[in-house]
**Q** 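Before I ask anything, let me first share the structure, which is written out below as structure tokens.
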Amino acid sequence: MTVTFRLNGEDYRFRDDPMTPLVDILRQEHFLTGTKAVCREGFCGACTVHVDGEAVPSCLKPVGLLHGCEVTTIEGLSSGQEALHPLQAAFEAADAVQCGMCFPGMVMSLSAFMRDNPGACRAEIKSAMVGNICRCTGYERIVDTVVDCLDTHRQTTETAGSMNV
Amino acid sequence: MAQSVERSFTVAGSIDEALAARQQGAAVLAGGTWMMRDPLRGVDLPEAVVTLHRIPALSEVEVDPDHTVIGAAVTHAVLGRALRGLAGFEALVGAAVGAANPGIRRVATVGGNLCTLDFAAADLAPALLVCEAMVEMETFDGPKLIGISDFLRDRPTLLADAILTKVHLRRDLIASAHIRLPLRMAGDYPVAIVSIAVDKDKRFRIAVGSVEAVARRWTALEKALADEPGGFAPNPERAAELAAENNDFHGRDGTEADGWYRRQVLPALVKRGVAALLKTEGQA
Ligand SMILES: Cc1cc2nc3c(=O)[nH]c(=O)nc-3n(C[C@H](O)[C@H](O)[C@H](O)COP(=O)(O)OP(=O)(O)OC[C@H]3O[C@@H](n4cnc5c(N)ncnc54)[C@H](O)[C@@H]3O)c2cc1C
Ligand code: FES
Ligand code: FES
């Protein structure tokens with residue numbers, strides 16, 4: 001079966017078993033190894049990618065369901081050559097990353113969450129991270145960084161807003 | 001990566017197409033969050049699957065003043081957003097937004113949650129039991145409408161030649177609550193689940209999930225509450241006492257918890273449920 005979808009902004013055609021989990025195609029065919037296959041059960045979140053803008057586990061996504069979809073991986077968020085996503089930059093600045101295994105998934109889950117919930121409070125941020133396990137248990141620093149990042153974003157928009165008045 | 005497998009993968013555009021594929025032996029693939037884990041359990045993925053996500057009528061939630069219809073392919077996340085703030089649906093919203101984790105809730109469907117035969121901890125099951133939902137199926141012999149209790153009990157036979165298409169709800173509840181007990185704060189399956197509701201005639205409906213293999217109404221407790229002199233005036237402590245006296249559950253042993261524990265926590269969950277109902281009614 002042939003499945004066509006967009007992967008990090010480029011057209012991609014897959015011809016093989018439609019029940020292949022997306023994570024395997026990303027890692028083994030495209031060498032997009034930022035997406036991690038850790039539990040393969042939907043519990044850890046290390047394989048999170050965006051499908052049509054929504055953060056979902058790629059280990060449980062059969063590629064056959066992706067026909068016509070837009071898939072973005074951590075590599076698609078920023079290639080590293082250009083400016084990082086603000087959340088990636090904030091994590092780097094706050095030195096929030098320990099071993100880094102969970103971070104691609106954290107960034108994919110939380111970047112979509114921040115886009116949809118710019119006014120989120122600490123408890124809401126924690127609820128959004130429920131499906132992302134950090135084995136180094138650096139949770140509080142991650143939450144602190146998201147709070148700071150949202151504050152900075154709010155201040156920037158308010159300043160821009162007042163300048164427009 | 002999976003080796004080249006000759007697999008039949010039908011993306012149905014209509015219920016008729018889905019049923020035709022089903023008749024050819026295809027298994028329904030909804031969100032895939034349960035099915036995709038089959039290989040980890042040593043079970044092969046089905047050789048033929050049919051998807052429902054391109055059938056528009058199955059991906060909608062229709063909310064009318066006295067009737068709500070939920071398509072089988074609606075995800076937990078969409079369901080939670082569609083019913084949020086509607087009086088009486090608090091338990092169903094609680095189940096939809098509290099189950100699993102956010103990534104799974106964006107993918108896992110109502111149909112998948114109700115049709116996974118070997119999953120006892122489905123959050124939507126007790127929540128729909130207190131709604132007295134009706135389940136619509138498309139069978140090889142035509143459409144069929146059946147109460148949720150009967151559906152849950154008989155689904156191994158029913159689903160052999162059917163697809164769950166829709167869930168129908170009346171708007172006859174004043175308030176409801178969904179109380180779940182995971183062992184950690186989040187992420188694992190709930191050890192026990194209690195959904196509780198009060199209808200327009202002030203009758204209580206209570207359902208329990210995850211304690212036994214299949215979720216069911218707690219009719220003994222419902223009767224005890226109704227038999228209270230003057231009717232049951234919501235009181236969390238008294239509800240817990242009656243729950244302990246009428247605990248007729250046989251807890252199932254499982255990896256997360258032993259059966260006795262699942263059974264033993266029920267009165268505490270009922271107490272929390274009645275307290276939550278009082279809070280909701282207070283806000284109304
Ligand atoms: C990490 C994790 C945590 C979870 N935690 C919870 C939890 O706390 N609470 C909870 O309730 N659930 C939980 N679940 C289970 C989850 O809700 C189910 O995996 C999900 O509901 C299945 O839905 P799906 O759409 O992905 O179904 P699929 O995996 O696509 O299908 C599951 C089964 O249902 C059948 N099926 C699906 N739709 C239909 C239909 N319309 N008609 C007939 N048959 C159908 C399929 O053939 C298959 O046998 C968890 C799952 C994961 C992965
Ligand atoms: S590898 Fe997908 S959730 Fe863990
Ligand atoms: S930083 Fe090591 S797992 Fe999260």
Side-chain angles (χ1 to χ4, degrees), chain A residues 1-3 14-30 37 39-69 105 108-110 112-113 116-117 124 126-133 139, chain B residues 1-13 26-41 43-54 73 75-78 80-81 97-109 112 182 184-189 256:
Chain A
M1 178 182 173
T2 304
V3 184
F14 175 82
R15 280 191 208 84
D16 206 329
D17 179 8
M19 292 299 276
T20 307
L22 172 61
V23 67
D24 289 344
I25 296 168
L26 297 176
R27 291 181 59 85
Q28 296 173 26
E29 273 206 20
H30 290 271
C39 70
R40 289 183 173 272
E41 285 211 77
F43 280 108
C44 76
C47 66
T48 306
V49 298
H50 293 176
V51 173
D52 292 339
E54 288 208 294
V56 299
S58 61
C59 64
L60 300 179
K61 182 63 86 179
V63 66
L65 288 179
L66 290 173
H67 192 73
C69 293
M108 296 315 279
S109 293
L110 290 169
F113 171 77
D116 297 340
N117 303 276
E124 288 165 333
K126 286 187 175 180
S127 299
M129 289 169 56
V130 156
N132 291 88
I133 294 175
Y139 293 110
Chain B
M1 192 150 88
Q3 297 306 305
S4 294
V5 173
E6 276 308 316
R7 207 184 297 276
S8 153
F9 193 96
T10 306
V11 179
V28 174
L29 168 67
T33 61
W34 194 266
M35 189 186 279
M36 288 300 281
R37 292 185 289 165
D38 277 354
L40 289 180
R41 304 183 191 107
V43 177
D44 287 339
L45 288 169
E47 279 178 18
V49 294
V50 55
T51 73
L52 308 179
H53 68 295
R54 295 276 186 235
T75 63
H76 285 62
V78 168
R81 283 199 296 271
V97 305
N101 61 50
I104 298 294
R105 294 197 293 267
R106 288 183 200 109
V107 182
T109 64
R184 290 178 281 134
M185 272 300 281
D188 53 344
Y189 302 136
E256 319 90 7

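Just so we're on the same page: letters track the sequence lines, and every chain starts at 1.
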**Q** OG1/B:Thr33 to CD/A:Glu41 distance, rounded to the nearest 0.5 angstrom?
**A** 11.5 Å
**Q** Shortest non-hydrogen contact from B:Pro102 to A:Val130?
**A**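 It is CD-CB, 4.1 Å.
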**Q** Shortest non-hydrogen contact from A:Leu60 to B:Met36?
**A**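 Minimum heavy-atom contact is O-CG, 3.3 Å.
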**Q** Determine yes or no for a side-chain-to-main-chain donor-acceptor pair under 3.5 angstrom, with B:Asn101 supplying the side chain and A:Cys44 the backbone.
**A**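 The answer is no, because no donor-acceptor pair under 3.5 Å joins these two groups.
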**Q** Closest heavy-atom contact between A:Arg40 and B:Arg37?
**A** O-CG, 4.0 Å
**Q** Please identify each residue that fulfils side chain to side chain donor-acceptor pair (under 3.5 Å) with B:Thr51, with sequence neighbours left out.
**A**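 Partners of B:Thr51 under the side chain to side chain donor-acceptor pair (under 3.5 Å) test: B:His53.
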**Q** Let's go through A:His67 and B:Val11 carefully: what are the C-alpha distance in whole Å and the side-chain angles of both, what is the deciding distance for side chain to side chain contact (heavy atoms under 4.5 Å, CB included) to 0.1 Å, and is it a yes or a no?
**A** CA-CA 10 Å; A:His67 192 73; B:Val11 179; over 6 Å; no
**Q** Can you check whether B:Leu29 reaches A:Leu65 side chain to side chain, under 4.5 Å on heavy atoms?
**A** yes
**Q** Which atoms of A:Ala128 come close to chain B, meaning under 4.5 Å heavy atom to heavy atom: side chain ones, backbone ones, both, or neither?
**A** backbone
**Q** Shorter than 4.5 Å, heavy atoms on both sides: which option in A:Ala112, A:Gly131, A:Ala55 has the most such pairs with chain B?
**A** A:Ala55
**Q** Using a cut-off of under 4.5 Å for heavy-atom pairs, which of A:Pro62, A:Pro57, A:Gly45 has the most such pairs with chain B?
**A** A:Pro62
**Q** Under 4.5 Å from any heavy atom of chain B, what part of A:Cys39 do you find: side chain, backbone, both or neither?
**A** backbone
**Q** Quick one: list whatever passes side chain to side chain donor-acceptor pair (under 3.5 Å) with A:Asp52, sequence neighbours left out.
**A** none
**Q** Does B:Glu47 CD have over 12 foreign heavy atoms under 6.0 Å away?
**A** no
**Q** Which region of B:Ala30, side chain (C-beta onward) or backbone (N, CA, C, O), has a non-hydrogen atom less than 4.5 Å from a non-hydrogen atom of chain A, or is it both or neither?
**A** backbone
